[in-house]
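All remarks here apply to the structure that follows.
Quick note on labels: first sequence line is chain A, next is B, and so on, each numbered from 1.
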Amino acid sequence: MEEEKKMTGAVERIEGVIIASGAPIGSLGRLDEMVLRVRRGDAEAFNEIMLETEKRVLGIAYRVLGDPEQAKDASQDAFLRAYKSLNTYRVGESFMAWIGRVTVNVCRDYLKKREHGAMAAADPNFLESMPSPDSYKAETTILRHQHAELIQRALAALTPAERMALVLRDMEGFSTHETARAMGLKEGTIRAQISMARSKIKVFCQRVLRKNKGGRP
Amino acid sequence: MNAPHVTEKLALWAGGDLPEGEMLSIKAHLDSCPACKAEADAYTGATSWIQTPSELPFSHAERANIRNEVMAEIRKSNKSNARRVMPWLMAAASILAAMLLYSAYNDNRNTGPSARIAQTASHPSPQTASPAPLQNGNYKQDYEQIHEQSAPSQAQPPIKNAANTPAKRRAPGYYAKSQPNSPERESSITRIEFQTANPNIRIIWFVQANSSTTDLSGDSNEQPG
């Protein structure tokens, strides 16, 4: 029992780093091992961390900001910020969730900075001004790049907060708790935002996709 | 059949964001309410559509470029950090070297015939004797008192403890009080300088060698600038 407690202690220190609560010491993930290498001074290990996490970082940045160029800049900033604050990461936690939070914070700064970006704010008339379903051809909707484009259009109908909540919860697989933590909000607030976001996405799907043959849903 | 509709909860139900009990009760309601069932299907379809992995518009080259730029920035910041720390490391290393040099010199002196006398004359080191309590609360005054008490009974002039004497105390006026300057004494003083990486920091040691101990004066060369 005592040994088990040692293995999964509340907060353990190994080699001067904090191990998160309940994390089995002997089973550090690959990312955690790379984090420890970076902390020991092997900065090149951070390149491997980026290789493992770039899809998530770029995905969050692109879907939240809606602009590929800004997403690239934000990803770069997020990685640099992650490198500088790597000591605040508790080994044993989910590194993907942690770097997701860092990316969300960077994206939030970008959203604050820009006044009228590609997806700066939800257009209240967006749904009304959307083209009729007939203008979308079925074959275009089944192409992958157009699927991505449609998703970006759907996300554009949301407010930045709704968009961020939906991206983290439904697209990046965060739990409601993790989403709330990443956005610095209460879980109840996140649920309300997600509920509103899903309602808008449902309307988008009904208007744009439903009557297209071969389209989803 | 008369149960109220649950449409306002369906958005959360579709993503599994409700407590288990509520999820089950809504599921039960949907089985008996076609209107809510249709709405629930629309939510489920929209949620699964948005969750479908979609391509990101970033090529491998663009991703590699992001990584390279981040790594270049990291290397640059690490270099500048090292540059900031290096002068302090150099200064610390210089001080350490000076202390080792002085320690080696002191060891040699202690093994000589006049070591005991010299030790008494200079203020006692913690390794060889317990330090005398400060009488005046002022190190300089106490040092002079000890110096004056022991100086008349000694054949050899006391050796200045350069390591524990700050630069101001080593001014000529200070020594004139306890030990008159003599040409022999002057000639036995060795000046050791360490120029640190920072041009504003130079460590200067004055070491006085006893005639019976190892003489360092032969190596005294002032380093330029």
Side-chain angles (χ1 to χ4, degrees), chain A residues 38 41 43-44 46-47 50-51 54-55 57-59 61-63 68 71-73 75-80 82-84 144-152 154-155 166-167 169-171 173 175-176 187 190-192 194-206 209-210 215-217, chain B residues 5-20 22-23 26 35-82 84-85 89:
Chain A
V38 175
E44 298 304 316
F46 194 74
N47 197 34
M50 285 193 288
L51 266 170
E54 66 184 5
K55 271 191 181 175
V57 171
L58 275 165
Y62 174 60
R63 282 162 192 147
K72 282 195 275 184
D73 290 346
S75 301
Q76 206 169 310
D77 286 354
F79 280 130
L80 280 171
Y83 178 78
K84 283 174 187 165
R144 290 176 73 185
H145 73 276
Q146 285 181 340
H147 170 71
E149 196 184 314
L150 281 170
I151 284 182
Q152 286 306 115
L155 291 174
L166 191 81
V167 166
R169 178 71 186 90
D170 283 356
M171 301 176 86
S175 67
T176 309
E187 286 187 35
I190 294 298
R191 280 201 192 91
I194 288 172
S195 178
M196 183 59 72
R198 282 181 188 150
S199 298
K200 288 181 181 177
I201 296 294
K202 186 199 75 168
V203 173
F204 177 89
C205 288
Q206 284 171 337
L209 304 172
R210 201 174 179 181
R216 289 185 64 200
Chain B
H5 291 304
V6 290
T7 44
E8 73 278 4
K9 288 183 178 175
L10 287 178
L12 292 175
W13 177 85
D17 289 309
L18 293 171
E20 201 176 339
E22 221 168 337
M23 291 289 289
I26 288 174
C36 286
K37 178 80 170 68
E39 193 74 354
D41 286 346
Y43 273 115
T44 310
T47 305
S48 66
W49 176 74
I50 201 86
Q51 285 173 345
T52 308
S54 58
E55 257 183 9
L56 293 173
F58 304 106
S59 64
H60 286 290
E62 282 174 316
R63 290 179 194 176
N65 193 37
I66 291 172
R67 287 198 304 274
N68 290 341
E69 284 188 28
V70 171
M71 287 311 293
E73 195 70 31
I74 287 171
R75 287 185 199 113
K76 201 172 131 191
S77 76
N78 284 351
K79 255 185 197 173
S80 70
N81 282 347
R84 222 178 307 149
V85 171
L89 280 178

Using a 4.5 Å cut-off on heavy atoms from C-beta on, say whether the side chain of B:Leu56 contacts that of A:Arg63. yes
Counting neighbours of NZ on B:Lys9 that are heavy atoms of other residues, nucleotides or ligands and sit closer than 6.0 Å, is the number greater than 12? no
Are A:Val57 and B:Ile66 close enough that some pair of their side-chain heavy atoms sits under 4.5 Å apart? no
Taking atom CG of A:Asp170 and atom CG of B:Asp17, what is their separation to the nearest 0.5 Å? 7.5 Å
Between B:Asn78 and A:Ala43 the two heavy atoms that sit nearest each other are ND2-CB, 3.6 Å
How long is the gap from CZ on B:Arg75 to CZ on A:Phe46, to the nearest 0.5 Å? 12.0 Å
B:Phe58 versus chain A, heavy atoms under 4.5 Å apart: side chain, backbone, both or neither? side chain
Under a 4.5 Å heavy-atom cut-off, does chain A meet the side chain of B:Ile50, its backbone, both or neither? both
What part of A:Glu44 is in contact with chain B, defined as an atom under 4.5 angstrom from a non-hydrogen atom: side chain, backbone, both or neither? both
Can you tell me if CD on B:Glu20 sees more than 12 non-hydrogen neighbours from other groups inside 6.0 Å? no
What distance do A:Leu150 atom CG and B:Thr52 atom OG1 have between them, rounded to the nearest 0.5 Å? 11.5 Å
CD1 of B:Ile74 to CE of A:Met50: how many Å apart, nearest 0.5 Å? 5.5 Å
Residue among A:Lys84, A:Met171, A:Met196 with most heavy-atom pairs under 4.5 Å to chain B: A:Met171
Residue set satisfying side chain to side chain donor-acceptor pair (under 3.5 Å) with B:Arg67, at least two apart, ordered chain then number -> A:Glu54
Under 4.5 Å from a heavy atom of chain B, the part of A:Leu166 involved: side chain
Note, A:Lys202 side chain near B:Leu10 side chain (heavy atom, < 4.5 Å): no
With sequence neighbours left out, what residues match A:Asn47 under side chain to side chain donor-acceptor pair (under 3.5 Å)? none
Go through the atoms of A:Ser195 and report whether side chain, backbone, both or neither lie under 4.5 Å from a heavy atom of chain B. both
Under a 3.5 Å distance rule, please check whether A:Arg169 uses its side chain to pair with a backbone N or O of B:Gly15 as donor and acceptor. yes
